[in-house]
2 protein chains.
Amino acid sequence: MTETPYTIRQMCEEFEVTARALRFYEAKELLFPERQGTKRLYSKRDRARLKLILRGKRFGFSLEEIRQLLDLYTMGDQGATQLTMTRTLALKHLDEMKSQRDELNQAIAELEQEIEWGTKKLERLGERETAA
Amino acid sequence: MTETPYTIRQMCEEFEVTARALRFYEAKELLFPERQGTKRLYSKRDRARLKLILRGKRFGFSLEEIRQLLDLYTMGDQGATQLTMTRTLALKHLDEMKSQRDELNQAIAELEQEIEWGTKKLERLGERETAA
DNA sequence: CGTCAGATTTACGTTAACGTCATCTTTGGT
DNA sequence: ACCAAAGATGACGTTAACGTAAATCTGACG
């Protein structure tokens with residue numbers, strides 16, 4: 001078993017996306033499944049890429065941004081110039097993600113505060129009701 | 001100085017958004033500036049809400065989701081039922097944000113790996129060039 | 001060989017979140 | 001009183017990321 005190509009249906013089920021989305025990602029050059037006749041066959045590499053695509057989306061990156069990031073994980077044997085550019089781009093994204101994480105942590109802390117506040121208020125209301 | 005209302009322009013500059021966006025948020029009931037005649041006046045409370053709106057956007061929440069979250073920060077003197085619902089919703093969002101953070105941390109770690117890999121490759125290329 | 005489910009291609013539709021005019025009003029300043 | 005700038009109100013346009021429908025194709029099976 002050297003490889004294990006997936007059909008489009010299997011991909012859909014495994015990643016919970018529609019066939020339309022997969023074809024769309026292909027049209028946008030984020031995926032390059034091979035063809036067996038006219039049908040698409042998704043390799044392990046395609047599956048890895050799709051995973052990254054979906055994760056990128058969850059972080060609010062656009063498909064175009066994701067496409068650029070994907071090239072990073074495909075860094076084969078490019079020239080030093082290309083590699084440097086890719087790395088620079090990646091560092092930029094890394095920075096974004098880090099500030100995003102910091103802000104997210106702050107937001108989480110604040111939201112927890114608010115919830116605690118609401119919880120205590122509910123407790124007081126409960127006491128009143130119990131006392132009556 | 002009990003209050004310090006902002007004009008729409010001041011809001012735009014302070015938060016780097018367009019007037020169109022502010023009116024749009026108002027149409028979607030995320031902001032409720034008062035009116036002095038026909039003109040909008042944004043209170044401190046509006047500014048706080050806008051800050052949360054923009055932050056929510058950065059985390060990929062839709063305006064509708066943000067609207068619901070905003071009500072959390074407006075928990076005044078509602079009934080216990082309403083308050084419980086709001087709190088439940090908030091806990092759900094909190095969970096989402098926490099998993100998002102965890103996934104983000106993992107993505108950051110992986111991206112750092114890749115970058116390090118690229119960096120080392122560049123170093124090797126540099127050595128070769130130097131040796132030539 | 002017929003057909004019937006599953007794929008593909010093509011093309012138009014949809015939603016969110018504004019952008020971009022065009023066209024009034026309002027208003028502070030001279 | 002008058003003018004230009006700022007603000008308001010429609011109304012239509014735009015982009016991203018698919019959804020949906022229609023027509024065609026293709027391959028395994030009885």
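Just so we're clear, the structure is a prediction, and the values are computed from it rather than from any experiment. In what follows, chains carry the letters A, B, and so on, assigned in the order in which the sequence lines appear, proteins first and then strands, with residues in each chain numbered from 1.
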Between P of dG6(C) and CG of L41(A), the distance in whole Å:
17 Å

Heavy-atom donor-acceptor pair, R20(B) side-chain to dT20(C) base, under 3.5 Å:
yes

Can you identify which nucleotide, out of dT27(C), dC18(C), dT26(D), has its nearest atom closest to the K39(B) side chain?
dT27(C)

Measuring to OP1 and OP2 of dT9(D), would you say a side-chain N or O of R23(B) lies under 4.0 angstrom away?
no

Would you kindly say whether Q106(A) and E110(A) are connected by a side-chain donor-acceptor distance under 3.5 Å?
yes

Over all heavy atoms of both residues, which pair between R87(B) and G118(A) is shortest? Give the atoms and the distance, please.
CD-C, 4.3 Å

Interatomic distance, D46(A) atom CG to Y25(A) atom OH [nearest 0.5 angstrom]:
14.0 Å

Could you grab the distance from atom CG of L69(B) to atom NE2 of H93(B), nearest 0.5 Å is fine?
4.0 Å

Between dA7(C), dC18(D), dA8(D), spot the one nearest the side chain of A21(A), thanks.
dC18(D)

Regarding the side chain of F24(A), the nearest nucleotide among dT8(C), dA17(D), dC18(C) is dA17(D)

Nearest-Å distance for atom pair CD1/P, residues I8(A) and dT26(D):
17 Å

Check ion pair E96(B)-R58(A) (N to O, under 4.0 angstrom)
no

If you find the nucleotide of DNA chain C closest to T18(B) and the one closest to R40(A), which residue's nucleotide is nearer the 5' end?
R40(A)

Please state how far atom OH in Y6(B) lies from atom C1' in dG7(D), giving the value in whole angstrom units.
19 Å

Can you measure Q36(B) atom CD to dA6(D) atom P for me and round it to whole angstrom units?
17 Å

Rounded distance (Å) that lies between atom P of dT8(C) and atom CE of M11(A):
12 Å

Considering just the side-chain nitrogens and oxygens of R9(B), establish if one lies under 4.0 Å of OP1 or OP2 belonging to dA8(D).
no

Of residues 42-65 of chain B, the positions that come close to DNA chain C - non-hydrogen atoms, cut-off under 4.0 Å:
K57(B), S62(B), L63(B)

Close side-chain approach of L104(B) and Q100(B), heavy atoms under 4.5 Å
no

Would you confirm whether E116(A), through its side chain, and Q113(A), through its main-chain N or O, come within 3.5 Å as a donor-acceptor pair?
no

Using only side-chain N and O atoms of Y25(B), determine if any of them is under 4.0 Å from OP1 or OP2 of dC18(C).
yes

Could you tell me the separation between the CD atom of E26(B) and the C1' atom of dG7(D), rounded to a whole number of Å?
12 Å

How many whole angstroms separate atom NZ of K28(B) from atom P of dT15(C)?
11 Å

